[in-house]
Amino acid sequence: GATGMPSGAKLISFWAPSPASDRAKELKTQESSRVPTVAEIQADLTEDATSEPPLDPPDLRKNSKPFTWRALRILRTHDFMLLRTIEESGGDLAAILSTHQKKPSP
């Protein structure tokens with residue numbers, strides 16, 4: 001049409017979801033299906049804490065909702081007691097750095 005928006009059948013195809021086969025390929029990519037380990041989460045937090053120059057608080061991964069959500073889900077599965085450590089620190093995800101590293105090996 002005159003407004004630059006597609007009309008009729010073109011509008012429907014414009015907003016239609018991609019075919020299931022395309023979505024399946026996107027979901028099967030290695031990066032999207034890979035679950036990081038607790039050690040990798042710790043490495044990311046350490047990298048942020050030791051970066052030069054220091055990162056601004058909004059740029060720290062521990063302040064990112066998606067990173068924190070994923071980290072908490074992984075900790076819940078792999079080491080539930082680390083969630084208590086985070087709670088006791090006032091919600092600071094970086095609290096798992098010292099606690100998990102001090103954990104004795106079996």
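Val38 is not connected to Met81 by any chain of hydrophobic side-chain contacts under 4.5 Å among Ile, Leu, Val, Met, Phe, Trp and Tyr, and they are in different clusters. Cluster annotation: Leu60 is not connected to Ile41 through the hydrophobic network of ILVMFWY side chains, with a link wherever side-chain heavy atoms come within less than 4.5 Å. Following chains of ILVMFWY side-chain contacts shorter than 4.5 Å, one cannot reach Trp69 starting from Leu75, and the two form parts of different hydrophobic clusters. Neither Leu45 nor Leu55 shares a network with the other; the hydrophobic side chains, linked directly or stepwise wherever heavy atoms of I, L, V, M, F, W or Y lie under 4.5 Å apart, form separate groups for each.
Ile74 CD1 to Leu82 CG: the interatomic distance, rounded to the nearest 0.5 Å, is 12.0 Å. Atom CZ of Phe67 and atom CG of Leu72 lie 9.5 Å apart (nearest 0.5 Å). Rounded to the nearest 0.5 angstrom, Asp79 CG and Ile96 CD1 are separated by 9.0 Å.
Asp56 places no side-chain N or O within 3.5 Å of a backbone atom of Pro58 that could act as its donor or acceptor partner. Remark: the backbone N or O of Pro54 is not paired with any side-chain donor or acceptor of Ser51 at under 3.5 angstrom.
Of all non-hydrogen atoms in Ala71 and Leu93, the two that sit nearest each other are CB-CD2, 4.0 Å. Considering all non-hydrogen atoms of both residues, Arg61 and Thr68 come closest at O-OG1, 4.0 Å.
In this structure, Glu87 has no side-chain hydrogen bond (donor to acceptor under 3.5 Å, both in side chains) partners at least two apart in sequence or on a different chain. For Glu40, the side chain to side chain contact (heavy atoms under 4.5 Å, CB included) partners two or more places apart in sequence, or in a different chain, are Arg34, Pro36, Thr37.
Look at Lys62 and Asp48 and you find no salt bridge, because none of the NZ, NE, NH1 or NH2 atoms lies under 4.0 Å from a carboxylate O.
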